[in-house]
Amino acid sequence: MSDNYRSREERRRAMNDNKPEGKSQGKPKKKKKGGLFRKIVAAVLLIGIIGLIAGVGTFFAMISDAPKVDDSVLKNSFSSKVYANDGKTVVKEIGAQKRTYVQYDEIPQVVKNAFIATEDVRFYKHHGVDFYRIGGALMANFKNGFGAEGGSTITQQVVKNSFLSPKKTVKRKVQEMWLAYQLERKYSKQQILEMYLNKIYFASGEVYGIERAAEKFYGVKSVKDLTLDEAAMLAGLPKAPTTYNPVTNPENATKRRNTVLNLMAKNGFITQAEADKAKQVDVQAHLAKQTESTSKYDVFIDQVIEEVKKKTDADPFSAGLEIYTTLDTNAQDYVDDVMNNKVVNFPNDKFQAGLVVVDNETGGIQAIGGGRNRVSGGLNFATNMRRQPGSTIKPILDYGPAIENLKWSTGQPIKDEEYHYSNGTPIRNFGRNYKGWVSAREALGRSLNIPALKAFQATGADKAKEFATGLGLKLDEEDGEAYSESYSIGGFRTGVTPLQMAGAYSAFANEGMYNAPHTVTKVKFPDGTEIDLTPKSKRAMQDYTAFMMTDMMKSVVNESYGTARAVRTPGLEIAGKTGTSNFSADEKKRYNIPDAGEKDVWFNGFTPNYTISVWTGYETAKDGYILSANETGMAKNIFKHVITHISEGKPKGSFKQPDSVVERSVEKPTGKDLKRPSGSTPSSLITKEYFVRGTAPTKVSQTFVKKEKEEKKEDKKEGQKREKRQ
């Protein structure tokens with residue numbers, strides 16, 4: 001039998017099959033306990049070792065090209081060059097001046113404590129990197145994206161501002177941590193804090209370092225003379241020097257200073273009683289008089305510095321940057337002449353103006369008029385001053401949203417009549433009269449308030465908010481309240497700046513594409529790294545909305561009823577909107593201002609190439625000035641001079657009608673529906689309006705056909721009567 005098996009294995013199986021049942025076949029082998037667990041542990045350890053090796057390798061790869069800790073770079077600063085929009089002309093070199101280096105022992109403890117409490121409360125406990133702070137930052141970044149919040153220590157800030165580009169990448173962060181550790185090995189905490197306090201940027205006019213800041217803001221001969229409230233104010237400034245400047249933004253500055261005082265008390269540097277006492281000091285009480293005049297292009301350069309710091313986190317005064325800007329020196333020189341009374345005649349020295357010139361296609365700011373008789377660090381009336389925009393908001397919150405969402409035509413009939421807000425409060429036009437049925441075009445051209453409110457109500461506050469937000473106006477966030485119906489005619493609590501309004505209006509001229517207004521296109525670092533800072537274009541509205549709103553604003557300039565006929569300029573196609581705001585009831589009572597007194601006068605206008613927003617008025621109501629009839633025309637006068645000058649020698653262009661829009665003849669509105677004219681409609685009552693394609697009226701008006709028939713019937717009767725008499 002065994003001869004028939006082909007293998008030893010088959011013989012073994014056969015023998016087992018032939019064994020008697022019940023006979024023991026041997027004990028089965030026991031499986032080793034814990035075998036699977038040991039395999040899992042071994043696998044995890046192996047993966048961990050591989051991960052560790054990979055991590056270490058990655059770490060060393062990231063720091064392999066990190067710069068060396070160079071003493072000269074740490075203690076010296078490198079100036080930055082600012083270029084005009086041709087990319088070749090250096091208009092200014094900032095940095096390496098107006099700095100006073102102060103030794104650690106000369107800095108009072110109250111100043112050191114204020115900065116440590118604000119920037120790095122565990123400064124004396126870590127070795128360059130604070131992993132407790134990093135943990136909190138990681139949680140914030142996990143929720144809001146990488147770079148949303150930093151965990152940088154003072155040591156890391158010194159490293160970043162001295163050696164590294166500000167790109168928020170993992171590699172840069174790893175290099176920053178590595179160099180911070182190296183810095184702490186080489187220098188004492190006292191030396192590092194000394195470097196930090198001598199490198200910080202505080203304000204325009206190249207206010208750099210704690211000693212210079214103490215002199216600039218408080219007029220003290222030494223940083224040793226600073227009081228607790230002053231030290232807290234200076235410690236709060238570096239986060240946002242313009243926003244928290246006590247000279248120009250006392251409200252924001254007070255909040256920031258009080259935050260620093262609270263942090264000092266919380267962390268045991270002062271008592272809560274000391275903090276509360278310091279909070280009682282007026283943030284402007286001890287400020288030195290700001291008498292240093294600005295130099296050429298300083299207003300524009302201030303905006304450049306703010307953008308670079310905000311977008312790159314680099315210090316333009318010490319980082320040795322090459323900063324490429326949108327500055328048009330020809331335009332800026334002319335705007336400076338305007339501000340200096342060389343082009344237009346201002347009524348008095350206290351009368352103020354602010355203006356911004358923007359390139360429509362790119363959003364690049366060509367020139368900034370920050371105000372008249374400015375001092376370094378003074379209020380910038382173009383970028384930092386917020387005022388109610390009056391009727392210049394109507395294209396943004398009323399008619400623009402109505403065309404965008406409801407596809408209103410430029411001839412949309414609206415009844416101008418006695419009216420009130422939804423809460424029952426009456427609303428009136430400037431002239432206290434009513435025009436009856438008017439087109440949206442005429443309502444905007446005459447700047448009628450009641451049709452504007454009706455347009456706002458027709459679209460709704462939410463859609464109006466959405467439209468304004470797309471144009472860079474986050475009004476509810478700034479005001480801290482929801483949109484109300486008074487917004488429809490510019491009744492905000494806080495207001496807007498010429499910079500914001502220029503950016504918003506430029507989108508109408510740019511076929512509905514919004515480019516955030518900006519002064520910097522790119523920044524180049526000493527290591528060759530370049531960062532493109534040009535904002536990306538985004539569609540803020542449909543092309544039909546942009547074109548139709550533009551054409552309506554052309555009527556503000558060109559029609560006999562328009563409020564901006566004074567800006568007409570031969571050879572230029574101009575659109576725009578006027579706006580005025582009044583004093584509050586409290587201001588009228590306090591300063592004895594008549595009801596007709598006007599506080600702010602605006603003109604926002606544009607050609608196919610440029611947009612200019614101009615504000616005019618007085619800094620405070622207590623100046624005792626009320627805008628006269630001559631003064632109310634200053635905004636339009638300034639606009640006309642500037643737009644004429646910057647357009648010289650350049651292609652004028654025109655606003656192009658998109659395919660989404662059609663032009664049709666219609667009968668002027670006498671009711672809520674537009675109709676095509678009949679053969680009997682008088683030519684004086686026929687007008688041409690624009691419609692979104694597919695929405696133009698098809699019905700022919702019978703109004704004058706009926707009148708014609710009735711007139712013929714009457715003529716026939718009269719004829720018959722004459723025949724009978726004969």
Side-chain angles (χ1 to χ4, degrees), residues 391-417 419 421-422 427 435-471 473 475-476 482-490 504-505 507-508 511-514 539-556 575 577 657-664 666-676 687-699:
S391 293
T392 62
I393 204 65
K394 290 174 181 176
I396 297 171
L397 290 185
D398 307 330
Y399 299 107
I403 295 174
E404 179 79 2
N405 296 282
L406 305 177
K407 296 186 177 180
W408 275 18
S409 72
T410 58
Q412 173 69 31
I414 312 173
K415 192 171 186 179
D416 181 37
E417 59 186 340
Y419 202 63
Y421 293 104
S422 297
I427 177 175
K435 298 294 182 182
W437 286 102
V438 293
S439 65
R441 179 191 299 278
E442 184 177 350
L444 182 68
R446 293 183 182 277
S447 202
L448 301 174
N449 289 336
I450 293 162
L453 172 59
K454 288 185 175 182
F456 180 89
Q457 291 174 330
T459 311
D462 290 342
K463 291 296 183 182
K465 173 184 175 181
E466 182 180 327
F467 193 84
T469 301
L471 295 173
L473 300 179
L475 304 175
D476 59 332
Y483 275 31
S484 66
E485 290 182 343
S486 64
Y487 275 40
S488 64
I489 57 173
Y505 268 67
F508 292 116
E511 300 178 357
M513 299 301 295
Y514 173 74
R539 179 156 293 285
M541 67 189 87
Q542 298 299 321
D543 58 2
Y544 59 75
T545 304
F547 176 79
M548 290 163 67
M549 273 310 317
T550 295
D551 201 71
M552 287 169 63
M553 285 190 274
K554 283 172 62 178
S555 294
V556 176
K577 185 69 188 78
Q657 179 180 334
D659 291 337
S660 57
V661 174
V662 295
E663 185 182 37
R664 295 287 185 269
V666 293
E667 202 171 87
K668 287 185 177 181
T670 55
K672 64 179 181 178
D673 295 321
L674 276 183
K675 294 181 180 179
R676 296 174 62 185
T687 183
K688 288 186 176 181
E689 299 291 356
Y690 287 106
F691 298 82
V692 177
R693 186 174 292 277
T695 65
T698 56
K699 291 183 179 180

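Below, each value reflects all heavy atoms present in this structure, side chains not excepted, and no hydrogens, waters or symmetry copies.
- Partners of Ala440 by side-chain contact (heavy atoms from CB on, under 4.5 Å), not counting sequence neighbours, listed by chain and number: Tyr399, Gln412, Ile414, Met552.
- When the salt bridge (Lys or Arg N to Asp or Glu O under 4.0 Å) test is applied to Lys675, no partner is found at least two apart in sequence or on another chain.
- Residues Leu674 and Pro669 meet the side-chain proximity criterion, which asks for heavy atoms closer than 4.5 Å.
- Side-chain contact between Arg441 and Asp551 is present, with heavy atoms from C-beta onward closer than 4.5 Å.
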Worked verdict on Phe508 versus Ile396 for side chain to side chain contact (heavy atoms under 4.5 Å, CB included):
CA-CA 10 Å; Phe508 292 116; Ile396 297 171; 4.3 Å; yes

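- Here Lys672 pairs with Trp437 under the side-chain contact (heavy atoms from CB on, under 4.5 Å) rule; sequence neighbours left out.
- By the 4.5 Å heavy-atom criterion applied to side chains, Leu473 and Leu397 are not counted as neighbours.
- Legend: residues meeting side-chain contact (heavy atoms from CB on, under 4.5 Å) with Glu663, ordered by chain and number and at least two apart, are Lys688, Tyr690.
- Under the side chain to side chain donor-acceptor pair (under 3.5 Å) criterion, Lys577 pairs with Ser447, sequence neighbours left out.
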Could you list the donor-acceptor pairs under 3.5 angstrom formed by side chains in residues 540-549, with sequence neighbours left out?
residue : atom : partner : partner atom : Å
Asp543  : OD1  : Ser660  : OG           : 2.8
Tyr544  : OH   : Glu404  : O            : 3.3
Thr545  : OG1  : Glu404  : OE1          : 2.5

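- With sequence neighbours left out, the salt bridge (Lys or Arg N to Asp or Glu O under 4.0 Å) criterion links Asp416 to no other residue.
- Between Thr392 and Tyr505, some side-chain heavy-atom pair lies under the 4.5 Å cut-off.
- Applying the salt bridge (Lys or Arg N to Asp or Glu O under 4.0 Å) test to residues at least two apart or on different chains, the pairs with a partner in residues 442-458 are Glu417-Lys454, Glu442-Arg446.
- Using a 4.5 Å heavy-atom cutoff, the side chains of Thr459 and Leu406 are in contact.
- The shortest distance between side-chain heavy atoms of Arg676 and Arg664 does not fall below 4.5 Å.
- With sequence neighbours excluded, no residue forms a side chain to side chain donor-acceptor pair (under 3.5 Å) with Thr687.
- Listed here is the closest heavy atom pair of Ala458 and Trp408: CB-CZ2, 3.9 Å.
- Remark: Thr550 engages no residue in a side chain to side chain donor-acceptor pair (under 3.5 Å) (not counting sequence neighbours).
- Between Glu511 and Arg539, the shortest heavy-atom distance links the atoms O-NH1, 3.1 Å.
- In this structure a side-chain-to-backbone donor-acceptor pair under 3.5 Å is present from Glu485 to Ser422.
- Side-chain contact check for Asn449 versus Ser391: some heavy-atom pair is nearer than 4.5 Å.
- By the 4.5 Å heavy-atom criterion applied to side chains, Leu453 and Tyr421 are counted as neighbours.
- Scanning for side chain to side chain donor-acceptor pair (under 3.5 Å) contacts around Ser488 gives an empty result, with sequence neighbours left out.
- A search for side-chain contact (heavy atoms from CB on, under 4.5 Å) contacts involving Thr695 returns Lys407, Phe691, Val692, not counting sequence neighbours.
- Taking all atoms of both residues into account, the shortest heavy-atom contact from Gly671 to Pro413 is O-CB, 3.1 Å.
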